[in-house]
Structure formats: structure tokens, C-alpha cells
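Report on the following structure.
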Amino acid sequence: MRPHLLAASLLACSLALVACKRVEPVPSQASPTAADSAEAVPADDNLNAVLWVQTSAEYRMLTTQTFKAAADHLDKALAEPNWDALVPAERENPGAGLRPAVIVDIDETVLDNSPYQARLVRDGESYDEVSWAAWVAEKKAKPVPGVVDFARAAADKGVTLLYLSNRAQHLQEATLANLREVGLPVADDSVFLGLGTHVEGCEQHGSEKKCRRRLAGREYRVLMQFGDQLGDFVEVVSNTPEGRAALLEEYGDWFGERWWMLPNPTYGSWEPATFNNDWSQPLEVRRAAKRAALDVAP
């Protein structure tokens, strides 16, 4: 999810930069080398995270095994009429007898935006709405490994994929085109539940997804939910380490059956939870809070 548990404005600083590394001057008789150019780029907290997503076999295996395991649960979910992946507080009407669907987040759940993240690392930039919208318009995001096979298996069983994303509504056309291009089933425009979707009788706050999940539940029996953030599955009332741990304690048994989490070390609501969700703080203060949250071996 590109936050997308958080509003885009909360993500503007999620790819925080640290102090520039000192660069020794190049002797006048020598030409700058590639190494010299690389050293001139400020250090970036997100370098290893993006590199892991793009190059590690471990990332590909994690996402693939998640979708394979979910596919193995589909028949069971379809066969049980009371099977429901919405928490009771978000289910307004009985789900039994409704059309089956799965809810999927988009960013870092079904579409891989690591080239955009890598671009930010390379250029020493941070997330902003303009560069993000430009990236979405390029329609170059690739599918997360394993998702296409799962999505096609679900569609073959008559299950509708609902794309519940914090991509803004004005990005719908480019988003759906990108999804179709990579082979993901898109029944029609209504399956895109982007940020700004109107939900009658439900008050929405920022990028919270509760109302849109309730909207999905009005028409569908939700068999599963997929996401890369805790808020893709349930409302996070208190985005603190303690509040998030309490939700995991309450709903931990749902993961691996009704809920399926994808790995995303590059951004997310877990980061601001360490500095009181206050992005207005100076970068140095936020980084100090993150360092203080580390469990350091004595």
C-alpha cells in the first residue's frame, strides 16, 4: 500500500535522509570515477530495504508462498457460507449468500513500486504526491511475485477481486490499466475502491479504509483480505507500538486463513508509530526516536 494507511501527506518524509557522508576532493589531475559519483549521493535509510525487495530471492519466495498458501484456502472459504474476512464491527449485513470476493490492497501487495522507491534513493528525494502521480501514470509497476497465479485461480472460481487502495480516485484509469497489463483480473471500474470513494452513511478519516471495507461487505462475502499494512485489514485506532501489538493479539489467528500479509520494509505506518506519528518534527528528531526504539544488544 502506498500508505496508505497514512494519507499521502504523512508519507512525504517516509524515505528519510541522513547526514551526507563526507567526500574527499578529487585530485585535479584525476577524472571523477563512478565510485566518486556514488559517494556524492547522501546516505539513505531506505537503500537496503529497496535493494532487498528488488534483488533478494527471499522476498520473491515470501510473496510467492503467501499467495500459494492463500490459494490452497480458497475452496475451504468458498464452502463455508459463514466464512467472513471482515471483522464484525465492519460487517453491516449478513455475508452468507452474497457474491464471493477478496479484498486486495494495491501498492506493495499486488503491484511492486520498488522502481519508484529506487528512483527516490538514487536522486536523494522523498515521496511526494507529484512524483507519485507521475509514476502511476507511467503504468510500469510489475506484479508482486505470485499474485497473478492466485488472482487467476480466484477468478476461475468465480471470486471477484476488489482493489481497495489509498491511491486517489483520479489515479483510477492509470491504475486499472496497469493492473490489466500485468494480467490481473479487473471486472469493471467499480472494483477500484480508491481514496475518496464515497460511502453512504460512513464517515471516513484521512486514509483509513474502514468505510470502504464496509462498502465492500454490502455487496460481497469477503473471503480474504491481502495487504502490507495492519490497517489494510482492520482499523488502527491507536497507531503506537502498544496499540498495534494489541490488534495483533486480538486478530493474530486471522492471519494465514482470512488475512494475508505481504512484506514491505520500505514504508508504512510502523515507522511513524515510533515517533508519535508526528511528521512535522525535524528529520534528526524522527531519526533519533527510531534509533531509540531499537532493541540493542548489551
Side-chain angles (χ1 to χ4, degrees), residues 1-2 4 52-54 56-80 83-86 95 98-114 139-167 175-194 209 212-213 216-217 219-234 251-266 268:
M1 147 183 126
R2 162 134 297 284
H4 301 104
W52 182 77
V53 169
Q54 293 193 329
S56 75
E58 290 81 357
Y59 169 75
R60 295 192 295 277
M61 290 303 98
L62 278 171
T63 61
T64 299
Q65 76 177 13
T66 297
F67 285 114
K68 287 178 67 176
D72 290 341
H73 281 71
L74 267 177
D75 287 338
K76 179 182 178 181
L78 282 165
E80 295 188 19
W83 181 289
D84 195 357
L86 295 181
L98 299 178
R99 293 174 292 167
V102 296
I103 291 176
V104 294
D105 171 55
I106 292 179
D107 298 307
E108 281 51 75
T109 298
V110 300
L111 289 182
D112 169 18
N113 300 289
S114 62
K139 297 174 283 191
K140 292 181 179 178
K142 297 293 191 291
V144 168
V147 68
V148 173
D149 287 343
F150 169 82
R152 289 175 175 170
D156 288 344
K157 296 177 185 293
V159 178
T160 300
L161 264 69
L162 303 177
Y163 299 93
L164 202 166
S165 169
N166 279 337
R167 289 190 175 199
T175 297
L176 294 183
N178 198 164
L179 292 170
R180 290 186 175 103
E181 286 173 7
V182 301
L184 288 166
V186 177
D188 53 54
D189 289 357
S190 71
V191 299
F192 178 75
L193 303 176
K209 293 183 171 181
R212 284 171 284 162
R213 286 191 292 264
E219 297 186 27
Y220 295 94
R221 180 165 72 97
V222 180
L223 305 180
M224 297 177 179
Q225 295 194 70
F226 293 79
D228 66 305
Q229 308 286 324
L230 189 55
D232 291 332
F233 306 92
V234 64
Y251 295 108
D253 290 343
W254 289 48
F255 288 98
E257 285 196 341
R258 290 169 170 80
W259 294 353
W260 301 88
M261 183 72 77
L262 280 299
N264 176 12
T266 62

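At a threshold of 4.5 Å between non-hydrogen side-chain atoms, the residues L176 and D189 count as touching. Residues V191 and L161 are not in side-chain contact: their nearest non-hydrogen atoms beyond the backbone lie 4.5 Å or more apart. The closest side-chain heavy-atom distance from L162 to Y220 is below 4.5 Å. Using a 4.5 Å heavy-atom threshold, the side chains of F226 and D232 count as separate. Within the 4.5 Å cutoff, the side chain of V110 has no heavy atoms near those of the P143 side chain. Looking at heavy atoms from C-beta onward, M261 lies out of side-chain contact with Q229 at the 4.5 angstrom threshold. Under the 4.5 Å side-chain criterion, counting only non-hydrogen atoms from C-beta, L86 is in contact with Q225. A heavy-atom distance below 4.5 Å is not found between the side chains of V144 and L111.
Nearest heavy-atom pair across L184 and A151 is CD2-CB, 3.6 Å. The minimum heavy-atom distance linking T160 with A187 is given by the pair CG2-CB, 4.5 Å. Of all heavy-atom pairs spanning V148 and G183, the tightest one is CG1-O, 3.9 Å. Between G146 and T64 the shortest heavy-atom distance is N-OG1, 4.1 Å. The two atoms that bring V53 and S114 nearest to each other are CG1-CB, 3.9 Å, heavy atoms only. In plain terms, the two heavy atoms of P100 and G158 that are nearest each other are CG-O, 3.6 Å.
The six-membered or imidazole ring of F255 lies near that of F233, with a centre-to-centre distance under 6.0 Å.
The side-chain tip of R258 points at the ring of W83 from less than 6.0 angstrom away and within 45° of straight on.
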Discussion item. Assess the residue pair V222 and D84 against the criterion (side chain to side chain contact (heavy atoms under 4.5 Å, CB included)); give the C-alpha distance rounded to whole Å, side-chain angles, the decisive distance to 0.1 Å, and a yes or no.
Written reply: CA-CA 6 Å; V222 180; D84 195 357; 4.2 Å; yes
Discussion item. One pair to check against side chain to side chain contact (heavy atoms under 4.5 Å, CB included): V159 and M224. What are the steps and the verdict?
Written reply: CA-CA 10 Å; V159 178; M224 297 177 179; over 6 Å; no
Worksheet item: Could you go step by step and tell me if T175 and Y163 meet the side chain to side chain contact (heavy atoms under 4.5 Å, CB included) rule?
Response: CA-CA 10 Å; T175 297; Y163 299 93; over 6 Å; no
Item to complete: Step by step, work out the side chain to side chain contact (heavy atoms under 4.5 Å, CB included) result for V147 and T63.
Response: CA-CA 8 Å; V147 68; T63 61; over 6 Å; no
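Ring orientation note: the planes of H73 and W260 are nearly perpendicular, at an angle over 60° on the 30°/60° scale. Using cut-offs of 30° and 60° for the angle between ring planes, the Y59 and W52 rings count as perpendicular.
Taken from CZ in R167 to CG in L193, the straight-line distance is 14.0 Å, to the nearest 0.5 Å. A distance of 5.5 Å separates CD of E219 from CZ of R99, quoted to the nearest 0.5 Å. The OG1 atom of T109 sits 8.0 Å away from atom CG of N264, with the distance rounded to the nearest 0.5 Å. The CZ atom of R221 sits 8.5 Å away from atom CD of E80, with the distance rounded to the nearest 0.5 Å. Interatomic distance, W259 CH2 to I103 CD1, rounded to the nearest 0.5 Å: 11.0 Å. We find the CG-CZ distance between L179 and F192 to be 8.5 Å, quoted to the nearest 0.5 Å.
Classification of D105 and K209 as a salt-bridged pair holds, one side-chain N sitting under 4.0 Å from a carboxylate O.
A donor-acceptor contact under 3.5 angstrom links the side chains of E108 and N113, judged on distance only.
Heavy-atom contacts from other residues, nucleotides or ligands closer than 6.0 Å to CG of D72 number more than 12.
A donor-acceptor pair under 3.5 Å links the side-chain atoms of R212 to the main chain of S165, judged by distance alone.
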